[in-house]
Q: 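A single structure is presented below for examination.
Computed from a predicted model, the values in this text were never measured in an experiment.
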Amino acid sequence: MKFTALEDFAQRPSFFNIWGRTGYNENGSIRLNPLVLFWTASGIEIAVRTEKCGKIYADIECSWKHYRPYLSIWINGKRVRRLAPEKGRTRILLWDSAASNTAANREKAEQSAAESAEQEKIVYIRILKECQAMAGDSAHRLAIHGFYIGKSGESETVFADVFEDVFAPVPKRPLLFECIGDSITCGEGLEEPIEGKEWNPAWQGTRNHFALILSQRFNADISVLAQSGWGLLCGWNNDPACVIPPLYPFVCSLAKGSANRDAGAGQTWDFSRRKTDAVIVNLGSNDEYAFRAAPWQDPASRKNYKLQGEADYKRLKKAAKSFIGEIRRSNPHAPIIWCYGMFLTDCMDLFRSAVKEFAAENRDGKVRFIELSPMDDKTAGAQKHPGPLCHKEAADLISGVLREYGFRKV
C-alpha cells in the first residue's frame, strides 16, 4: 500500500475540500499534519480515479476519555458507512473498487458501456465527523493523517505520481453556509437510540440533517458551530458557562487539552479566509428550558444560578440582539437567518422581536426570523429530539428564505 500524507495535499489545494473550522499555520494555511476535525459535520472531501485505485484507506487518529468520536463516509453525496474508530491510529476503508463493481453489476446490465465507464472514472469521497466538539472531554480528538492506496489489479503498489494517477481535483462549491446552534444543529436525534440513561454522542448524526440538506440543494459547503445543551445566557441546566456567543470568534475554544490546543483550537478565527454567504442560527431552546429547570450551583463558589422572571427574559432578548450584532460584524454582507420552534416554542415571540428590533435599529435588511415547524410524534427522532422529517421541514422553510435572497437551488 502506498501512503500519502495529508500534508502532501498542501501544495495542491484543488485536490481537497475542507468543511468546518480548522487550525491554521503561521502563514495562514490549513493545518494538515494532521487535520483535526473539531465540530459536527467537519471533514474533508477528495476525488479518486477508480480505474487506477483498487482500495483506499484513511489513516485516522482517535482518542477520548468520556465521549467517543464518530465519523461517517460519504460516496458521491450518499452516506455509506458510520463508525466509531478505536483509540490510536486506525486504517479505515473508504473505497474498494472490487466490492463496488460487484454491487454495481445489476445496474451495469441496464446501462450502456459508455455510460458505465463515465460514471466510474471518479468517485467523490467525504469523511465527516458525526458528533460535536466535547467541552467535557479534553482527550476527545478525531484527526486524519493521510491515505493508504492500493493500485487496482496489482499486488505491488507503484505510482509515477499519486496526484496524477489516483487523485483528481475536487470541484469547489460556490457557496458557504454557516450554521450555529445547540443539540438540534449537532444532529442529536438523527441516529437510532441505544440502551442507557446517560447522554451519548452515538445519538448525534449528519444524515438527514437540515444543514446537509441545504448543502445538497444549493451546492454549498457547510460550517457548523453547535453544542448540545448550550444557549445564549446559560445551558439547559442554568449553567452560565454553557453559552455559544463567546465561542464564535475562535476556531473551537471549548476543545480543551494540549493536543487540541496544539491543533489550533484556541486560535482566533479569521473570517476573511472565505466569505460566508449565509449564517443560519437555530439557538435559544436551552435558555427557554432553563426557565423551567432547577437552579444550577457552582461547585466552587456554591452560588446558585437560575433564569426566572421578566428581567431575565429581557436579558435573553438583549443577548440575542448582541449575538446578531457580533455575527454581522464578522460577516458584513451575509444574510443572517434566526430560526426557532423545532423543539420549544414559548420564546418564539421574544426571538422574533429581537430580530425585528435589530433589523430596524441597524437598518439591516438582511436579518430575518423564521418560525420553524415544531416537532410532533410523527417527526420526532431519538432522545425526544427532532428527527429526519422535522429537519426536512426546517430545511424547506430555510430554503424558501435563501431563495428570496437570490440563492438558487441546483
Side-chain angles (χ1 to χ4, degrees), residues 38-42 64-70 129-138 140 179-191 193-194 196-206 209-211 224-248 250 252-256 265 280-299 304-308 312 315-316 319-320 323 338-347 351 372 374-375 380-387 390-391 394:
F38 292 110
W39 297 100
T40 300
S42 58
W64 76 92
K65 184 176 181 181
H66 304 294
Y67 303 117
R68 185 174 186 167
Y70 282 71
K129 190 181 184 195
E130 288 279 294
C131 59
Q132 66 179 32
M134 296 296 173
D137 188 350
S138 61
H140 180 91
C179 301
I180 306 168
D182 46 39
S183 58
I184 297 171
T185 309
C186 290
E188 189 160 345
L190 289 176
E191 296 299 326
I194 62 173
K197 297 181 179 180
E198 295 183 355
W199 181 85
N200 193 305
W203 288 307
Q204 297 180 349
T206 59
H209 192 296
F210 75 86
V224 170
L225 289 86
Q227 192 73 181
S228 180
W230 288 35
L232 289 158
L233 290 178
C234 64
W236 67 274
N237 60 348
N238 279 289
D239 184 346
C242 297
V243 286
I244 296 294
L247 306 176
Y248 192 64
F250 303 99
C252 186
S253 57
L254 62 77
K256 306 302 181 183
I280 300 157
V281 185
N282 192 349
L283 196 59
S285 296
N286 291 300
D287 301 272
E288 179 176 330
Y289 188 88
F291 279 96
R292 65 189 75 171
W296 179 82
Q297 187 177 77
D298 186 328
N304 287 334
Y305 292 87
K306 175 77 176 82
L307 292 187
Q308 56 188 344
D312 283 331
R315 288 178 58 227
L316 181 56
F323 191 35
W338 193 292
C339 311
Y340 199 72
M342 292 174 73
F343 193 58
L344 299 174
T345 59
D346 286 351
C347 285
F351 291 118
L372 299 179
M375 173 186 67
Q383 281 296 91
K384 299 180 180 179
H385 273 67
C390 197
H391 275 255

Q: Sequence neighbours excluded, which residues qualify as side chain to side chain donor-acceptor pair (under 3.5 Å) partners of E188?
A: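 For E188 the side chain to side chain donor-acceptor pair (under 3.5 Å) partners, ignoring immediate neighbours, are W199, S228.
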
Q: Under 3.5 Å, side chain of N238 to main-chain N/O of A290, donor-acceptor pair present?
A: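 Present.
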
Q: Enter the distance from F351:CZ to L283:CG here, rounded to the nearest 0.5 Å.
A: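 Output value for this atom pair is 7.0 Å.
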
Q: Excluding sequence neighbours, so at least two apart, what forms side chain to side chain donor-acceptor pair (under 3.5 Å) with H385?
A: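 Partners of H385 by the side chain to side chain donor-acceptor pair (under 3.5 Å) criterion, ordered by chain and then number, come out as S183.
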
Q: Tell me if a side-chain donor or acceptor on Q227 pairs with a main-chain N or O of I244 at a distance below 3.5 Å.
A: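 Pair absent, no side-chain N/O of Q227 close to backbone of I244.
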
Q: Does F323 have any ring-ring contact (aromatic ring centres under 6.0 Å, His included) partners at least two apart in sequence or in another chain, and if so, which?
A: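 Partners of F323 by the ring-ring contact (aromatic ring centres under 6.0 Å, His included) criterion, ordered by chain and then number, come out as Y248.
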
Q: Going by side chain to side chain donor-acceptor pair (under 3.5 Å), name the residues that satisfy it together with H391, two or more places apart in sequence or in a different chain.
A: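 Listed in chain order: nothing, the list is empty.
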
Q: Any non-hydrogen side-chain atom of P69 less than 4.5 Å from a side-chain atom of H140?
A: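 Counting from C-beta outward, P69 and H140 do come under 4.5 Å.
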
Q: Look up atom CH2 in W296 and atom CG in N237, then write down how far apart they are to the nearest 0.5 Å.
A: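 One finds 7.5 Å between CH2 of W296 and CG of N237.
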
Q: Where is the tightest heavy-atom contact between A241 and D239, given as atom of each residue plus distance?
A: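 For A241 and D239, the tightest heavy-atom pair comes out as N-OD1, 3.0 Å.
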
Q: Do we see a donor-acceptor contact under 3.5 Å between the side chains of E130 and T206?
A: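 E130 vs T206: donor-acceptor pair found between side chains.
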
Q: Check side chain to side chain contact (heavy atoms under 4.5 Å, CB included) between A226 and all other residues, then give those that pass, not counting sequence neighbours.
A: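 In terms of side chain to side chain contact (heavy atoms under 4.5 Å, CB included), with neighbours along the sequence ignored, A226 is linked to T185, C186, V224.
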
Q: For Y289, what residues pass the ring-ring contact (aromatic ring centres under 6.0 Å, His included) criterion, not counting sequence neighbours?
A: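 Scan of Y289 (ring-ring contact (aromatic ring centres under 6.0 Å, His included), adjacent residues dropped) gives none.
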
Q: Suppose we screen for ring-ring contact (aromatic ring centres under 6.0 Å, His included). Which residues come up paired with W230, at least two apart in sequence or across chains?
A: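 Checked W230 against ring-ring contact (aromatic ring centres under 6.0 Å, His included); zero matches.
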
Q: Of all the heavy-atom pairs spanning L254 and A133, show the shortest one and how long it is.
A: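 Nearest pair, atom of L254 first, then A133: CD1-CB, 3.5 Å.
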
Q: Looking at every heavy atom in both W64 and R68, which two are closest together, and how far apart are they?
A: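 The pair with the smallest heavy-atom distance is CH2-NE, 3.4 Å.
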
Q: With sequence neighbours excluded, what pairs up with Q308 under the side chain to side chain donor-acceptor pair (under 3.5 Å) test?
A: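 Q308: no side chain to side chain donor-acceptor pair (under 3.5 Å) contacts found.
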
Q: For P374, which residues count as a side chain to side chain contact (heavy atoms under 4.5 Å, CB included) partner, sequence neighbours excluded?
A: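 Partners of P374 by the side chain to side chain contact (heavy atoms under 4.5 Å, CB included) criterion, ordered by chain and then number, come out as T345.
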
Q: Side chains of L307 and L316: closer than 4.5 Å at any heavy-atom pair?
A: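 The answer is no, as the side chains (C-beta and beyond) never meet within the 4.5 Å cut-off.
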
Q: So does P295 get a backbone contact from the side chain of N304, meaning a donor-acceptor N/O pair under 3.5 Å?
A: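 It does not hold such a pair.
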
Q: Looking only at heavy atoms, what is the nearest atom pair of W236 and A293, with distance?
A: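 Of all heavy-atom pairs spanning W236 and A293, the closest is O-CB, 3.5 Å.
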
Q: Could you tell me the separation between the CD1 atom of I184 and the CD atom of Q204, rounded to the nearest 0.5 Å?
A: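 Answer rounded to 0.5 Å: 12.0 Å.
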
Q: Looking at every non-hydrogen atom in both residues, tell me the closest pair between L232 and P245 and how far apart they are.
A: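 Between these two residues, the closest heavy atoms are CD2-CG, 3.9 Å.
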
Q: Hey, could you give me the CZ/NZ distance between F291 and K306, rounded to the nearest 0.5 Å?
A: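 Between atom CZ of F291 and atom NZ of K306 there are 7.5 Å.
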
Q: Kindly write out the residues that satisfy salt bridge (Lys or Arg N to Asp or Glu O under 4.0 Å) with D346, not counting sequence neighbours, or none if the list is empty.
A: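 With sequence neighbours excluded, D346 shows a salt bridge (Lys or Arg N to Asp or Glu O under 4.0 Å) to R292, given in chain and number order.
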
Q: Considering residues at least two apart in sequence or located in another chain, which fulfil the side chain to side chain contact (heavy atoms under 4.5 Å, CB included) criterion with S253?
A: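 Only L247, F250 meet the side chain to side chain contact (heavy atoms under 4.5 Å, CB included) criterion with S253.
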
Q: Just how far is it from atom CG of N282 to atom CH2 of W338, taken to the nearest 0.5 Å?
A: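 Rounded to the nearest 0.5 Å, the CG-CH2 separation comes to 9.5 Å.
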
Q: From C242 SG over to L233 CG, what is the distance, rounded to the nearest 0.5 angstrom?
A: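 Spacing of SG (C242) from CG (L233) equals 12.5 Å.
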
